[in-house]
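What follows is a short report on a single structure.
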Amino acid sequence: MNNHDYIIDCDIHPTFGKHDYARLAQRYLPKAWQAYAIEYGQNVVSHSIGSHFPRIHPNSARFDAWPPNGDVPGSDYDFMKLQHFDRWKTKYCIINPLTLLVHPRNYGFANAVAHALNEWVIETWLAKDDHLRSSISIAYEDPTASVREIERYSGDPRFVSICFVTRTFEPLGNSKYWPIYEICESKGLPFGIHFGGYSGWPLTGAGFPSYYIEDHCGMAQSMQAHVISMVMEGVFERFPKLQVVLLEGGMMWLPSLMWRLDRCWRAMRSEVPHLKEPPSFYIRRNVWLTTQPIEEPKKLSSWKTFVEQLNMPGRIMYASDYPHWDFDSPEKIEEIFTVVGRDFARDILGANAERLYRFEAGKPLRTGTEAVVQS
Amino acid sequence: MKSISDTSERAEMIRRPVFTVLGPLSQFPERTVRTFTLDEMSVGIVCANGEVFGFINRCPHQGGPVCEGELSGSIESRRAGEYNYDPQALVLRCPWHGWEFRLTDGTCTIPRHNVKIPRLKVQATRLDVLRREAESSGATLAFAHDCGNLPEGIMVVALRQHLPSHA
C-alpha cells in the first residue's frame with residue numbers, strides 16, 4: 001500500500017462482549033421488554049438449533065481475532081483498532097450490526113431490540129472513534145416501525161446506510177418493504193443487503209443442505225434471488241435513486257445474471273410491463289458490489305474479463321468482513337484489481353465508497369438515549 | 001568508497017551462519033507454536049512429535065499469519081460420509097481462511113495447490129555445542145549477542161542465514 005492511498009472498509013462486525021447482553025438490556029430495553037425476554041425468550045424462528053454459528057471457526061471469526069482479554073472476537077474496541085483499523089490504516093469503516101440476523105416474530109420486541117442496537121453502536125463504537133460509521137439497525141419485517149427508526153437516526157451523520165440480511169420473510173422486491181426503500185431514497189441512505197440470517201427458510205430453493213460449505217456458497221444464489229426480485233417487482237422504477245449495496249455475496253455471478261435477466265425480459269416483458277428498461281439497466285444504475293468474499297479464479301487476468309463484462313464503472317467497493325473467518329485483506333484486493341489498473345484498484349479500496357456514502361465530517365447531532373417507541 | 005578488504009569482509013559476514021537463540025527447550029512444550037521476529041520477518045517455531053520446525057509466518061493465500069493459527073491433526077476420508085481423524089498428521093491452519101500446511105514440509109494440503117510456507121532451518125541443540133560451532137564458523141559476535149545470559153542446556157536455535165530474502 002502506498003501512503004497516498006486510503007482504505008474504506010464497507011463491512012465490519014463489532015459484536016456484543018460477554019457482558020454486553022445484560023448491559024444492553026438494562027440500559028436500552030424498556031422494563032417491559034426486559035421482562036418479556038426473560039419470561040418468553042426472543043421468539044425467533046430459525047432453521048438451526050443451538051449455535052447460530054455452525055461455522056468452520058468458533059463465532060465465525062478469524063482464529064487470530066480473539067482479543068487478549070478473553071472476550072469474543074469483535075467485542076473489544078482497542079484490539080480491533082490494533083488488529084484492523086491501525087494495521088490497514090482505514091480511513092472509514094462501516095459497522096453492519098448482525099444481531100437482527102434472527103428476527104423476532106414479536107415485532108414490538110424486534111423494534112425494541114433494533115433501537116437498543118443503535119444506541120449500543122453509538123455508545124460502544126461510534127462515540128469512541130471518529131472514523132467509524134454504521135448502518136442503522138431496523139426490525140425490517142415491520143416496515144412502518146422501521147421507517148420511524150430510520151427517521152430517528154438519519155440526521156446523525158455517523159449513520160450512513162441501512163442493512164438487511166438475505167434471509168428475510170419475503171423476497172426483497174415485495175411491496176411490503178417499499179416504505180423502507182422510500183425513506184432510504186428520500187434521505188439518500190444506501191440500502192445494504194448482507195448475506196446471512198435465520199428466518200426459517202432454507203437459503204436457496206434447493207432446501208436445507210447437509211453442510212455449512214453449501215450454505216456458505218449459497219450466498220450467491222440468495223443474493224441473486226433478492227436482486228431478481230427487486231428488479232422484477234419494479235423497485236427501481238418506483239425508486240430510481242435508491243442505491244442498493246450487496247454485502248458478502250461475491251461478485252462474479254452478476255454479469256451472467258444480467259444476461260439471463262435481459263434474455264427473459266425480452267421474451268416475457270408482458271408479465272412485467274412496469275419495467276421500461278432491460279433488467280441490466282436497473283442493476284447498473286442502482287446496485288453496488290462489495291468485494292468480499294472475493295472469488296479466486298486461477299488466472300488473475302480473469303478479473304479483466306469480469307470487469308469488462310460487468311461494465312459497472314465505479315461500483316465495486318472494498319469490504320473486509322472483519323473479524324469473520326472469510327475476511328479479505330486490502331493487499332489481496334489491491335493485487336487482484338491492479339491487473340485491471342492501478343487507479344481502478346485504488347478506487348475500489350476507497351474512492352468508490354467515498355462517492356456513495358456520506359462520510360462528511362461533523363459532530364454527531366445527538367449522543368444520548370431516547371425512549372423506545374413501542375409499536 | 002569501500003576498500004577491497006572491506007568488501008570481502010562483508011561477503012564473509014554474509015556467508016557465515018548467524019545463530020539466533022530462541023530460548024531453552026523448556027519454553028517450547030510439545031505441540032506449541034510460538035512466533036518471533038527475525039530480521040524484521042515474522043517466523044513461527046513449532047515443537048511437535050519431538051522435533052522443532054520453523055516456518056515463515058505468512059500464508060501464500062492472502063498473507064495471513066499462518067503460524068498464529070491452530071496446530072492440529074488432519075481429517076481424511078476415503079468415501080462420502082466417512083471422517084477419519086489422524087492426530088499424528090499435523091498441519092498448521094491459517095487463522096484467516098483455514099488453509100492447511102503440513103508440518104513436515106510446509107506444503108499445502110489442498111489438492112492441486114502447489115504452494116507452501118517456506119521452512120526455516122531450526123534445531124534444538126546444546127549450548128556448549130553451539131558455542132563451539134559458533135566459534136569455528138566465525139559467528140561468535142552475533143551469537144554472543146543473541147545468547148545473552150541464557151542458561152546452559154538445550155536451546156532452540158534458528159539459523160538466520162537460511163531466511164529467504166522475501167516471503
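Reminder, nothing fancy here: chain letters follow the sequence lines and each chain counts from 1.
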For this session: Take A:E334 and A:Y318 through the test side chain to side chain contact (heavy atoms under 4.5 Å, CB included) and record every step on the way to the result.
Result: CA-CA 10 Å; A:E334 183 177 40; A:Y318 170 65; over 6 Å; no

For this session: Kindly assign one of parallel, tilted or perpendicular to the pair A:H194 and A:H13, based on the angle between their ring planes and the thresholds 30° and 60°.
Result: perpendicular

For this session: Evaluate the side-chain hydrogen bond (donor to acceptor under 3.5 Å, both in side chains) criterion for residues A:D129 and A:Y77: first the C-alpha distance (whole Å), next the side-chain angles of each, then the deciding distance (0.1 Å), finally the verdict.
Result: CA-CA 9 Å; A:D129 192 328; A:Y77 167 78; 2.7 Å; yes

Exercise. Do A:K81 and A:D78 sit within salt-bridge range, that is, some charged N less than 4.0 Å from a carboxylate O?
Worked result: no

Exercise. Within the distance-only criterion (no hydrogens, no angle test), does the side chain of A:Q292 pair as donor or acceptor with the backbone N or O of A:D326 below 3.5 angstrom?
Worked result: yes

Exercise. Quick one: side-chain contact (heavy atoms from CB on, under 4.5 Å) partners of B:P60, sequence neighbours excluded?
Worked result: B:F101, B:V115, B:I117

For this session: Determine whether A:T166 and A:Q224 make a side-chain contact, defined as any pair of heavy atoms from C-beta on separated by less than 4.5 Å.
Result: no

Exercise. Checking A:E335 against chain B: side chain, backbone, both or neither under 4.5 Å from a heavy atom?
Worked result: neither

Exercise. What part of A:Y211 gets closer than 4.5 Å to chain B, counting heavy atoms only: side chain, backbone, both or neither?
Worked result: side chain

Exercise. Where along residues 61-78 of chain B does a heavy atom come under 4.5 Å of chain A, listed by residue number?
Worked result: B:H61, B:Q62, B:P65, B:E68, B:E70

Exercise. Which residues, numbered in order, of residues 63-74 of chain A come under 4.5 angstrom of chain B by heavy-atom distance?
Worked result: A:F63, A:D64

For this session: Please examine the side chains of A:P293 and B:H97, heavy atoms only from C-beta on, and report whether any two atoms are closer than 4.5 Å.
Result: no

Problem set entry | Any pair counted as side-chain hydrogen bond (donor to acceptor under 3.5 Å, both in side chains), so long as it reaches residues 41-56 of chain B, sequence neighbours left out | B:S42-B:N57

Exercise. Hey, mind stepping through A:H84 and A:T90 against side-chain hydrogen bond (donor to acceptor under 3.5 Å, both in side chains) and telling me if it holds?
Worked result: CA-CA 8 Å; A:H84 193 63; A:T90 49; 5.7 Å; no

